[in-house]
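Presented below is the structure to which this report refers.
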Amino acid sequence: MPPSFATCPFCGLLCDDLVVTPGPAGLLAAGGACERARVEFSALGAASPSPRVRGRAAGLDEALDEAARLLGAARRPAIGGLDVDVGAMRAILPLAQRLGAVIDHSGSFAKYRNLHVVQESGLITTTFAEVRNRADVVVLVGDGWTKRFPRFVERMLVPAPVFAGDGGRRFVLLNPADRSALPADAECLELAVPMAELPVLAGTLAALAAGRPVSLDRAVTALGGSASDGLAERLARCVDWLREARYGVLVWSAADLEFPHAELAVQALARMLRVLNEKTRFAGLPLAGVDGDLTANAVQTWRAGLPLPASYANGTVDFDPHRHALPGRLARGECDLLLWVSNLGTKPVPVVDGVPTIVLGRADRTFDAAPDVYLPVATPGVDAPGHLLRGDKVITLFLKPVRSGSLPTAAAMIEALAARLEPATC
Amino acid sequence: MSGLRLSLRARPPARVDGSALLPEKLQGQTLDAIRRIALPGWNEFHEVGELFEVSGEATDRLQIDQLDGSFDRLGALATAGTLVLRGQAGDLVGEGLRGASIEIEGAAGDYLGCGMRRGRIEVRGNAGHFAGSGRAGELQGMSGGTLLVRGDVGDRAADRMRRGLLLVEGDAGDYLASRMLAGTVVLLGRAAGNAGYLMRRGTVVLDQRPAQMLPTFNANGRQDLLAIQLLLRSLGGEGPRFSRLAARAGGFERWLGDLAASGQGELLVSF
Amino acid sequence: MAESLTVSGVPVENTFAEAFGMRATRIVITADSLRWARAAAVAATGFATSVIACGCEAGIEQELDTSQTPDGRPGVSILIFGMSAKDLQKQVERRVGQCILTCPTTAAFGGIARDAAKEWLAMGGALRYFGDGYQISKLVGGKRYWRLPVMDGEFLCEERTATMKAIGGGNFLILARDRASAVAATERAVEAMTPLWNVILPFPGGVVRSGSKVGSRYRALIASTNDAYCPTLVGLVKTALPAGVNAVLEIVIDGLDVPSIALAMREGIRAACEGGEDAGVFGITAGNYGGKLGPHHFRLHEVLA
Amino acid sequence: MLTRIAGGRVIDPANGVNDVIRDLYVRDGVIVDAPRDGERIDRTIDAAGMIVMAGAIDLHTHIGGGKVNIARALLPEFDRLDPMPAHGVCEPCTGGAAPSTLATGYRYAAMGYTACFEPAMLPVNARQAHMEMGDTPIVDKGAYALLGNDDFFLQLLASGAEQREIDDYVAWTLHATQAAGIKVVNAGGISAFKFNARSLDVDGEHPHYRVTPRQVLGALTRAIDGLGVPHPLHVHGSNLGVPGNADSTLATIDAAEGRRIHLTHLQFHSYGTEGDRKFSSAAQRIAEKVNASPNVSVDVGQILFGQTVTCSGDSMMQHRNARHARPAKWVVMDIECDAGCGVVPFRYRDRDFVNALQWAIGLELFLLVRDPWRVFLTTDHPNGGPFWSYPHLIKLLMDRSFRNEVLSRLHPEAATSSTLASLEREYSLYEIAIMTRAAPARILGLADRGHLGPGAAADIVVYEPHSDPEVQFTAPRYVFKDGTVVAERGEIKAVTAGSIHVVKPEFDRGIERKLDDWFRRHHTQSLASFKISDEEVCVCGRAPKLVTHACTHRG
């Protein structure tokens with residue numbers, strides 16, 4: 001009998017070739033598992049948590065009662081985290097509506113760097129299998145993706161592009177990328193300028209790709225280079241490669257773009273893609289899907305018609321990345337309760353003085369400051385079935401549990417919570 | 001001073017949408033009726049009378065005093081009358097303005113005058129980020145009217161601006177006039193980084209040399225253009241600092257860009 | 001009731017000039033110097049004597065000093081008259097495009113006050129495509145301008161110019177002893193009328209010698225020479241020339257309103273009659289078609305009252 | 001519980017009933033025979049004087065799948081203009097150019113629609129499509145899986161595979177994606193675009209596989225017939241929106257060689273090149289061909305004036321049309337060696353010649369195609385206009401003077417460039433019932449929907465007659481979904497969950513060996529991950545049940 005493969009929920013690649021078995025210390029992930037997957041499965045395997053009320057172990061009913069009491073008393077609750085699967089999100093949204101909550105994903109600030117560009121200019125994009133089979137020129141921005149998407153190179157960039165003709169695949173590394181992540185024999189052009197200069201670099205490439213008269217000398221100076229370091233020649237060569245590509249792909253991960261107004265740099269690159277597509281094919285691949293960011297946004301978007309961050313206050317739904325962003329709402333002291341739901345990851349829960357916090361979290365999570373209520377929930381793909389959107393946005397995969405656990409799902413927990421609330425009055 | 005006067009006396013627990021407080025809507029109502037108007041907060045509605053001392057007479061002039069930044073969208077979509085705001089106005093003041101005059105005798109929050117189409121907003125103090133821009137997710141920013149900030153503006157002022165006039169006496173943050181589509185910005189202070197990023201058309205007059213000039217703007221030499229003279233002359237009424245700019249002779253150093261976009265914008269720098 | 005009126009002893013016939021409703025626009029041309037504003041204005045108002053064959057009637061209205069122009073440069077205002085806004089649109093486009101756009105340093109502005117505006121004509125708005133995509137639109141003080149890149153910089157042109165209701169065909173005829181006297185009289189008249197606002201004299205030098213009557217023996221022509229006033233036909237046709245009159249010249253006036261035309265006629269007639277019969281001027285009359293064709297009747301005696 | 005709907009004027013074309021006064025009985029969500037004497041009737045709904053029809057079925061409406069969600073995210077400005085606050089049993093959501101799934105379910109149900117079919121489900125995106133449909137409350141759902149641009153199919157075809165193998169692949173796709181039919185979009189063109197081709201006509205060669213769209217259409221229509229799939233191959237033709245594409249459309253019909261074929265949003269494919277503007281109506285030519293070809297059915301894809309957003313799998317043509325985007329933002333995607341998508345917002349303007357003529361062409365098609373069993377009422381929602389404009393569209397079909405009055409307000413050349421003004425036909429209520437109920441159920445093979453005979457699901461709409469059809473069809477007096485009153489006078493009274501409709505033709509599972517190899521060599525997920533089980537699709541689709549409709553071998 002062939003091994004039953006597991007699908008890894010811990011990054012946007014959703015690799016479905018893992019073999020996960022019970023080991024002496026937790027779950028043992030093998031098969032295609034990367035280091036990150038091994039660590040995550042192992043950590044989850046070891047934990048056997050119980051609900052907690054203000055740090056003290058409590059029965060499920062007691063913890064649910066307390067959580068329901070806090071929720072019932074809240075007038076301005078916020079729902080955060082959302083590092084969750086589709087099922088959890090489907091349960092969270094009716095609750096958010098019922099509570100009039102403001103709701104935001106923990107990574108939406110990074111996510112918004114791409115959404116911004118879609119909403120304010122549009123985008124040409126592609127998906128993993130197109131990259132794998134077609135891409136003859138791959139431009140990689142930044143290097144965070146090598147950590148966040150550990151098997152991206154192995155799975156998408158190492159296999160030969162069968163539809164690309166005989167030329168093989170060439171790489172351009174924008175910003176200080178990790179050359180060693182790529183195959184050693186890969187033809188590779190490095191434009192190693194600091195990440196903060198990406199807006200200038202992106203604008204320069206977009207202008208050059210459009211055939212506009214940009215002074216390479218001035219560009220090099222603006223990028224902090226010098227006449228002798230060959231940057232001007234590499235810029236020119238890069239543009240040649242972009243224009244010669246039969247099917248080029250530009251890869252970035254919005255979470256890497258940790259500088260203010262990074263969405264503008266993405267927009268410059270989006271413009272470059274538009275220009276290149278007048279003559280050849282060149283598509284973007286905004287790598288995402290970590291921590292359920294795409295999933296949470298997609299479910300919110302299809303149910304409400306508007307993405308995150310959103311407010312369900314006053315019986316309406318409103319999208320405003322500025323006013324409804326959770327960090328801002330918390331910092332301004334506007335929320336009187338924080339419900340944090342995260343069944344996939346273990347990002348820290350914000351602690352705000354005087355704001356009661358309920359956490360529906362992974363079994364192995366720990367806290368610097370104990371929340372008022374902690375309700376451990378099953379992790380989809382480990383203890384429970386679930387669905388997640390993959391990092392290229394189009395594919396949703398089923399997460400089959402690798403063990404039969406006793407933890408309730410986040411969705412079930414939310415429904416239990418909702419059942420304890422007073423009937424909605426509106 | 002004539003008109004209606006609201007003076008904040010209680011801070012709401014969360015931001016309140018103040019867009020119902022328009023002179024054109026309140027005009028002619030009794031003070032009691034005005035006190036009963038409910039403003040939407042977060043899951044609760046606050047009566048004007050609970051939050052404000054209400055006095056005077058509801059004419060086409062409304063003054064709101066003691067603002068503390070917790071009211072958003074004041075003057076949004078106003079078409080007529082005068083709204084005077086004192087203290088710290090919140091975000092989205094004058095959003096989508098269609099004709100009224102808003103005077104802020106204090107400072108404004110973010111998204112001041114975003115999407116405004118007509119009318120005039122004048123701020124004595126500073127304005128936050130995205131002044132004269134557009135609502136998040138939409139293609140166009142401010143598309144008409146005059147937005148005058150005597151103090152500084154934050155980042156991304158005039159982002160996606162399509163028409164109209166943004167005048168700033170102080171400094172501007174990063175990405176002034178980013179993605180500008182058309183319209184006019186005049187900045188007397190200094191622009192921080194990346195002014196004009198991805199601007200497609202439009203005019204930005206800078207009375208001081210910006211921190212840096214993007215390599216995707218090309219020098220067009222010194223140009224003394226009639227259109228710019230005409231433009232600056234038209235600002236004579238906006239104060240002596242603008243008159244002085246209009247009176248200076250010899251044109252400007254002109255830069256064209258952003259070549260990463262369609263490249264037909266102009267940055268005009270005093271020399 | 002043949003009430004008699006003389007000016008400087010010259011008899012003025014008790015008749016009227018018959019004028020028609022027209023549409024007009026004023027364009028203010030500025031330039032770095034008056035020389036180039038004038039050059040553009042002369043070209044733009046050239047070949048515009050009669051609406052019948054030229055498409056419009058046009059002329060220079062005034063020269064403007066730097067305090068009188070929108071951009072503080074010297075300028076010239078011109079008036080263009082047509083039978084309809086549609087006709088004017090065509091002429092404005094052609095004349096501004098060929099004569100102002102082309103002329104060094106110039107700019108063109110609409111010159112009709114907004115409250116008098118009847119219809120709007122595209123000016124810069126029609127010419128902007130000459131910029132081949134590099135044209136820039138700019139809104140200043142509520143008016144839209146187009147900036148077209150040209151070889152000496154930019155041609156600045158207001159997007160539109162307004163039309164207003166106007167009057168064409170104000171006129172008077174000078175009956176003189178001989179050609180020299182007639183010419184001298186018209187020169188005096190034109191000089192007196194030149195400083196006046198709101199009017200132009202569309203014919204060459206302000207004067208027309210080919211007065212016309214309606215109709216012709218040739219079917220294709222709708223007008224032909226005014227034989228009753230032609231001295232060389234005296235004895236052949238029924239003449240309108242008093243004895244001793246051997247030359248007649250006419251001054252035609254187009255204007256934006258009735259008072260401006262009336263004023264121009266008065267100033268012109270007075271100047272023409274200066275020196276009286278000694279100067280060879282024997283009479284003043286006016287052209288009309290019996291009052292059936294034009295709604296505006298400028299009675300000479302009333303104009304001079 | 002037994003419910004009687006008493007005394008209504010029943011219009012049920014599937015059973016040949018035209019405006020007959022009779023009672024309907026409903027038990028456990030199903031229409032049943034009249035009870036024997038003495039049997040207790042628990043509830044009687046008085047429908048006297050009212051018109052009773054089966055629930056309406058939309059066989060082509062983009063209600064789910066990634067492209068619609070991209071459209072939702074792309075255009076927040078129109079959601080802001082169309083808020084739907086919490087109301088009664090309804091959660092807050094938004095409508096707009098690309099409405100939320102909640103708004104879609106509420107508005108369809110309120111209007112008397114009880115089943116909706118998503119026509120462009122990308123196989124790789126099938127889970128998400130089912131999820132979005134699952135979050136579309138009340139109405140039943142089904143979807144057509146997209147084939148004909150996927151590399152597996154194209155290499156099969158290019159390698160000269162036997163038809164049997166293609167049949168197996170088509171059947172496998174229906175099973176694996178839980179679909180109710182197969183659609184092809186710009187046959188081969190989406191794939192060709194990935195190889196940088198910018199157009200591909202019916203007999204053009206794919207730049208890589210060297211096959212033609214005609215071959216693709218031939219193979220797929222053969223497969224559909226061979227497998228006995230009730231719904232004909234659903235075809236979005238070549239050259240969408242291009243002046244002169246009527247020739248491609250006629251060639252597409254010929255490519256079916258007499259086999260069943262459904263041409264979707266035909267309006268966008270009926271353009272000529274006559275006149276000064278090189279854009280004209282070819283509706284007459286197309287309609288004649290359709291009338292003469294009993295194997296052909298069509299839906300119109302009527303455009304209506306206003307803001308909309310076009311969501312299509314046709315990345316090739318959407319990229320080409322993107323320059324007309326309004327607002328000027330758009331998304332084009334290449335997708336996973338499977339297909340593509342393009343999302344381009346449009347504003348159709350009545351004073352624009354092209355838009356006005358498009359409007360007229362759609363109506364010409366409605367009126368010139370004679371058989372109401374073969375022409376369906378669609379706007380290709382949201383592409384030509386939102387589905388909630390159907391009542392207005394019905395009025396345009398039923399009322400000639402209204403139609404001509406609207407025509408007179410459009411760009412004047414729309415009237416002179418089309419025959420619309422001279423067309424006298426007015427649809428009857430009976431014909432409307434055919435085209436919106438009986439015919440879609442028949443062409444989809446839905447035995448238990450679209451009619452009011454015993455055994456049918458109790459999806460029933462009761463209308464108050466009104467002289468203005470738009471008023472009548474906007475807010476029916478009662479809408480029953482599976483026997484539950486879900487809406488009254490346009491207001492939602494109960495939020496229920498609809499079923500999923502699928503077909504599962506028999507096939508040789510040996511095809512999976514070849515597919516497994518293909519997945520290993522080219523895909524980025526395993527064959528096992530790709531397939532959606534019956535149990536899973538009910539979770540994704542939040543469906544109380546999966547309704548499998550029979551396939552009958554014809555081949």
Side-chain angles (χ1 to χ4, degrees), chain A residues 74-77 99-102 112 115-116 118-122 199-223 260-261 264-265 267-269 271-272 275 306-307 311-316 319-323 329 332-336, chain B residues 11-17 38 40-45 69-70 72-73 90-92 109-111 114 128-130 133-141 155-156 159-160 173-175 178-179 192-194 196-200 212-219 256-263:
Chain A
R75 314 229 9 210
R76 296 178 303 280
L99 296 173
V102 163
Y112 200 65
L115 183 60
H116 233 316
V118 168
Q119 291 183 335
E120 294 171 16
S121 83
V200 174
L201 180 58
T204 303
L205 289 175
L208 289 168
R212 300 198 187 277
V214 176
S215 151
L216 287 176
D217 290 345
R218 277 189 55 224
V220 166
T221 308
L223 290 167
H261 309 296
L264 292 175
Q267 187 164 339
L269 294 170
R271 281 203 69 89
M272 179 182 84
V275 166
L306 288 166
S311 161
Y312 281 91
N314 307 329
T316 61
F319 158 74
D320 189 332
H322 177 70
R323 283 185 301 159
R329 288 278 189 182
R332 289 193 299 266
E334 294 184 296
C335 313
D336 61 3
Chain B
R11 186 191 170 90
R15 304 174 82 83
V16 169
D17 184 323
W42 183 350
N43 291 339
E44 61 186 327
F45 286 80
S70 51
D72 293 330
R73 303 186 70 232
D91 294 343
L92 294 152
D110 294 338
Y111 288 92
C114 85
H129 301 305
F130 293 96
S133 76
R135 288 195 71 177
E138 302 188 359
L139 274 192
Q140 289 179 3
D155 295 346
R156 304 277 288 275
D159 182 59
R160 291 164 286 162
D174 285 335
Y175 292 102
S178 51
R179 307 183 289 176
N194 294 341
Y197 193 72
L198 295 184
M199 83 186 274
R200 289 162 63 178
Q212 113 279 32
M213 192 64 76
L214 287 165
T216 46
F217 276 76
N218 277 344
L256 297 177
D258 184 341
L259 299 168
S262 65

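Chain naming here is simple, since letters A, B, ... match the order of the sequence lines and numbering starts at 1 in each. Side chains are part of it too, since the values below use all heavy atoms of this structure and drop only hydrogens, waters and symmetry mates.
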Highest number of heavy-atom pairs under 4.5 Å with chain A: which of [options]?
| options | answer |
| --- | --- |
| B/A260, B/S70, B/G263, B/G41 | B/A260 |
| B/D155, B/D159, B/D258 | B/D155 |
| B/S262, B/G134, B/P12, B/S178 | B/S262 |
| B/D91, B/N194, B/D174 | B/D91 |

Out of [options], return the one with the most heavy atom pairs under 4.5 angstrom to chain B.
| options | value |
| --- | --- |
| A/R271, A/R329, A/H116 | A/R271 |
| A/L208, A/D336, A/V102 | A/V102 |
| A/A202, A/P199, A/P321 | A/P199 |
| A/S215, A/A101, A/P213 | A/P213 |
| A/A210, A/A222, A/G203 | A/G203 |

Please examine the side chains of [Y] and [X], heavy atoms only from C-beta on, and report whether any two atoms are closer than 4.5 Å.
| X | Y | result |
| --- | --- | --- |
| A/H322 | B/H129 | no |
| B/L92 | A/R323 | yes |
| B/P215 | A/T221 | no |
| B/N43 | A/L99 | no |

Side chain, backbone, both or neither: which part of [X] has a heavy atom under 4.5 Å from chain B?
| X | answer |
| --- | --- |
| A/S311 | neither |
| A/R75 | both |
| A/P260 | backbone |

Any donor and acceptor pair, going by atom type alone, linking the side chain of [X] with main-chain N or O of [Y] inside 3.5 Å?
| X | Y | result |
| --- | --- | --- |
| B/Y175 | A/H261 | no |
| B/N218 | A/V214 | no |
| A/R212 | B/A261 | yes |
| A/R218 | B/L214 | yes |
| A/R76 | B/W42 | no |
| A/E120 | B/L139 | no |
| A/Q119 | B/A136 | no |

For this session: Name the region of B/E44, side chain, backbone, both or neither, that has any atom closer than 4.5 Å to a heavy atom of chain A.
Result: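 It is both, since atoms from each part get that close.
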Exercise. What part of B/R160 is in contact with chain A, defined as an atom under 4.5 angstrom from a non-hydrogen atom: side chain, backbone, both or neither?
Worked result: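 Contact with chain A is through the side chain of B/R160 alone.
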For this session: Locate the shortest heavy-atom distance separating B/L198 from A/A268; write the atom from each residue and the value.
Result: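 Looking at all heavy atoms of both residues, the closest pair is CD1-N, 3.7 Å.
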